[in-house]
Amino acid sequence: MSNDTNDPLSSRRAPKQHRRSTQAKSRLGRLCQKELRETLRDRRTITTLLLMPLLVYPLLSMSLNRFLVTATAGTSEETPYTIGVASDAQGEVLLRWLDDPMSQPPPAVLKASGGQLAKFRVVNTMSDNLSPVEALKQNQIDLACEIQSVAPPKVHLTAYNGDASSGAAMRILTERLQWLRMARAEFVAKAVSPDYVPPAEVTVEKVGKVQERSMLGTIVPLVLVLMTITGAVYPAIDLTAGERERGTMESLMASPVRRSSILFSKYVAVVVVALLTAVANLFAMFTTLWAGGLLPLLTGGSEAFPWLAVLQILGLLVLFSGFFAALLLSLTSFARSFKEAQAYLIPIMLLSLTPGMLSLMPGVSLNGPLAIAPLVNIVLLAREVLQGTAEAGPAVVTILSTVGYAAAAIAIASRLFGSDAVTRTSQQSFGTILRRPEQESAAPSPQTAAVTLALLVPIYYLVSNVLIRIVPDLTIEWVLVLNAFALALTFGLIPYLAARLSRCRPATTYRWRMPPPLAFAGALLIGLGAWGLAHEAFVIAQSLGIGGLDADRIEKTKQTVGAIKEAPAWLLVVCLALAPAVVEELCFRGFLFSSLGKVLSPGRLILATAIIFGLFHVVTGNMLLIERFVPTTLLGLMLGWLAYRSGSVLPGMLMHLTHNGLLILATKYEDKVRFLGAGFDDQLHLPPSWMAVLTLLTVAGFALLWIGTPKPESTVSAAGAWET
Amino acid sequence: MLLVHSLTKRFPIDDGVLTAVNDVTFEIGSGEVFGLLGPNGAGKTTTMRIILGLLQPDSGYTEVDGLRTSADPMAVKSRLGFVSASDGVYPWLTVREMLLYFADLYSVNVTEAASRCESLCDMMDIGDLLDRRAGDLSTGQRQRVTLVRGLIHDPPVMLLDEPTRGLDVVGVQTIFDYIDILRRGGKAVVVCTHRLDEAERLCDRFGLLHRGRLKHCGTLSDLKEQTGRDSLVDIFVDLIRN
């Protein structure tokens with residue numbers, strides 16, 4: 001080797017520090033190209049992309065056709081019900097009866113039941129050496145019929161238990177024979193008695209548009225969404241966890257390119273593959289349905305290929321692919337291997353099925369919270385697009401919320417991707433999280449907080465369910481005491497044990513310190529005024545369709561209000577105001593605040609604890625009281641800011657106590673405070689004068705707090721607690 | 001060319017905290033091959049990852065070509081070439097596509113990248129593999145591709161982490177030739193290895209790491225003088241036993 005000018009090492013080029021944005025963009029394009037090239041060359045991608053739709057849909061179509069043929073037996077010339085008899089003579093008798101116009105239902109009945117007369121085929125099963133009942137058991141006929149030639153003749157029908165077609169054949173044949181008896185009787189009656197007047201003659205008609213939603217109309221979008229997911233899963237794992245498994249992640253992270261750029265190129269590749277899968281599935285499915293003559297079931301009558309609907313669904317699938325690819329990448333970016341990524345994705349796939357199944361339920365339509373529910377909203381919108389019933393409002397909400405979710409998932413993924421490329425912390429065992437540290441600390445770690453929250457969810461669910469089961473047998477006093485006890489057992493005891501096990505100092509963990517006196521005054525005023533704002537948030541949320549009280553829920557609420565009026569005031573205040581104020585504040589604005597404050601900025605900390613606070617108030621027993629989310633989160637935000645600004649958990653307790661106490665006492669003494677003129681109705685806005693006073697009190701409270709407390713420092717202390 | 005100053009890095013582990021790198025300092029000049037030696041778990045790879053900007057040190061700093069990693073990590077990364085212990089490749093790309101991809105990551109002009117790709121592959125005797133799928137290569141061929149990948153942007157400083165791991169005699173000789181080319185090309189080279197015999201043949205100076213601490217640093221004769229031992233192996237055995 002010589003060191004001359006041809007030596008590749010001699011042509012050293014100084015790397016450019018500042019690249020123009022156009023160069024950066026074209027490079028981003030090349031990065032995307034590389035990811036796509038790598039993915040599309042992989043045979044496994046192609047299998048999911050092309051072979052699956054090509055094979056699956058014809059098979060599905062054939063199965064569906066078979067199902068429809070069975071389900072519609074008897075309703076057309078081609079698929080009559082088959083009745084088995086034991087002799088030709090019996091068959092002739094039966095056919096004579098069925099051919100008799102008198103056996104046909106009157107026009108009104110025929111019109112009311114859809115206008116189609118069922119067809120029957122009569123066979124003598126003895127020609128195959130089988131009795132009609134045996135033939136029925138072997139599924140060769142729909143109904144077995146035995147006719148005894150006595151006067152009058154006796155007919156015995158046998159249907160197969162649980163077989164819809166057999167059951168329908170029995171019902172229709174019984175009715176036909178009944179019509180025959182009635183018509184002949186009427187004929188004879190008219191002949192014998194000229195004065196015979198038949199009962200009222202009935203005519204029928206139907207008005208309005210058909211609202212029936214075909215099952216196929218929901219299944220098709222659901223299958224498309226699930227197939228799109230399937231197409232995106234493999235490339236998402238391969239392009240992220242696969243980098244680690246192949247040993248290329250380290251070299252990739254060592255290169256001078258922003259992680260977000262690399263992730264974006266991978267995102268583009270996953271979206272493209274997901275979209276190609278969606279397109280392949282969409283056209284394979286519609287072509288199969290069209291070729292199989294099943295399109296009318298989907299579109300509600302028209303046999304023409306629904307180009308517009310297909311393009312609209314394709315647009316929705318573009319949106320969905322963008323969202324789901326981001327979600328997948330945010331999960332797979334965290335995984336270190338294919339196996340780990342698959343372990344993360346299996347629950348997601350199962351979770352995706354649940355809302356998908358929800359959209360299959362009758363009566364579920366795209367409105368209210370469902371318009372913002374990921375996956376369900378897309379499936380429902382696609383269904384409504386197919387049936388031409390989509391409305392602009394929910395459609396826009398669906399699109400905007402999905403775009404929002406996608407943006408959030410990409411942001412998370414770009415933070416996670418490559419962040420764990422080399423660190424040893426990921427090698428820690430689960431035991432590390434549970435192990436008691438040797439040294440004392442000021443506040444629990446975020447990991448401890450996460451484990452505590454993970455424990456709180458099932459325990460709180462269990463405890464609240466047990467409470468609801470035993471409540472009907474108890475007096476209101478016992479219910480109140482048990483409620484307070486359960487609260488202390490969950491939100492009090494579990495964080496306390498977590499703090500003790502992780503050797504955290506109670507005072508700093510719970511932020512138990514004396515704030516400036518004006519903080520208490522401010523907290524008191526906010527507590528007196530905030531309930532009005534929370535009430536308004538509740539009413540507004542309901543008007544927007546977030547949650548809602550049905551008649552049953554309103555009745556239960558009235559029963560609870562009635563019970564509260566019977567209970568002693570002191571017990572109500574202790575159990576429903578003091579206990580939540582102390583326990584919940586220690587948990588949310590103490591334990592969680594000091595712990596999550598180690599990693600979150602003040603704004604995010606207040607928001608995160610408020611949302612967690614709101615979510616826990618939504619879960620009651622096995623019901624989700626979604627309508628409670630908005631007001632409690634709003635209160636959580638106020639309590640969070642109070643806790644942040646005062647640097648203590650104590651003013652929040654006072655505000656919480658005042659707020660709950662006021663509401664409880666107002667409920668108890670509702671009859672005595674009616675002179676104030678307020679309508680304490682959950683469904684109504686408060687009078688403007690009330691709102692003005694309550695807002696003034698709240699603003700005054702915040703102003704006092706602002707003036708009376710020093711501005712907290714914007715960084716966390718070494719111990720993790722916020723310094724004030 | 002490369003300065004490592006008072007570098008310290010700790011990791012939380014099951015039993016408490018592990019100090020993987022403890023106050024490590026050394027400097028490497030242009031055209032010098034520095035062997036960062038130590039048994040498994042000594043802190044070699046961690047030191048290298050901090051230099052690469054993949055890990056943040058708890059204290060201390062590193063400088064490449066006068067640029068501090070913490071101040072401008074992207075500029076530092078563009079001046080570093082890295083050959084990882086794992087010979088990871090993108091199995092569905094051809095060797096050429098993969099090398100051009102990495103050249104692009106380092107902002108090498110397309111024409112120049114194509115030319116360097118050809119000449120470096122010829123130099124490493126894998127010119128005929130350029131259009132073969134990387135997934136079809138043998139271990140030795142992959143290793144050569146990885147070596148070319150580290151040089152595609154012509155960096156002034158090269159970091160080689162266990163470059164001979166899993167290679168046969170021919171493969172090891174290829175690495176020796178490669179490092180020799182780097183030295184003659186004026187690169188500052190850090191070679192992390194626990195193969196003392198190889199290091200003795202390859203390196204100009206040595207840093208002996210043990211339990212995160214740099215126990216000895218200097219030329220082979222310096223180390224012999226410091227320890228009174230005749231070979232690197234003896235020096236090492238003493239170090240571990242004591």
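Just so it is clear, the model here is predicted, and its values are computed rather than measured. Order of the sequence lines sets the chain letters (A, B, ...), proteins ahead of strands, with each chain counted from 1.
- By the side-chain contact (heavy atoms from CB on, under 4.5 Å) test, B:Gln56 is found to be paired with no residue, residues two or more places apart in sequence or in another chain being considered.
- Using a 4.5 Å cut-off between heavy atoms, A:Gln33 makes no contact with chain B at all.
- When all heavy atoms of A:Met253 and B:Lys77 are compared, the closest pair comes out as O-NZ, 2.8 Å.
- Here B:Asp104 is the residue among B:Asp104, B:Leu100, B:Thr146 with the most heavy-atom pairs under 4.5 Å with chain A.
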Verdict with supporting geometry, B:Arg133 and A:Arg41, side-chain contact (heavy atoms from CB on, under 4.5 Å): CA-CA 11 Å; B:Arg133 215 165 56 78; A:Arg41 278 183 191 167; 5.9 Å; no
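- Residues A:Ser251 and B:Arg149 approach most closely at OG-NH2, 2.7 Å, considering heavy atoms.
- Residues passing the ring pair (Phe, Tyr, Trp, His ring centres under 6.0 Å) test with A:Tyr267, sequence neighbours excluded: none.
- Contacts from residues 91-99 of chain B to chain A, taken as heavy-atom pairs separated by less than 4.5 Å, involve B:Pro91, B:Trp92, B:Leu93, B:Thr94, B:Glu97 in sequence order.
- Taking the side-chain contact (heavy atoms from CB on, under 4.5 Å) definition, one finds that B:Arg211 meets it with nothing, sequence neighbours left out.
- The shortest distance between side-chain heavy atoms of A:Lys34 and B:Tyr90 falls below 4.5 Å.
- Of the listed residues (A:Ser261, A:Ser255, A:Gly247), the one with the most heavy-atom contacts under 4.5 Å to chain B is A:Ser255.
- A:Leu252 is listed as a side-chain neighbour of B:Leu105, based on a closest heavy-atom distance under 4.5 Å.
- Across all non-hydrogen atoms, the minimal contact from B:Leu52 to A:Ala254 is CD2-CB, 3.9 Å.
- Among A:Thr248, A:Leu31, A:Leu40, the residue making the largest number of heavy-atom pairs under 4.5 Å with chain B is A:Thr248.
- Contacts between B:Val89 and chain A at a heavy-atom distance below 4.5 Å involve the backbone alone (N, CA, C, O).
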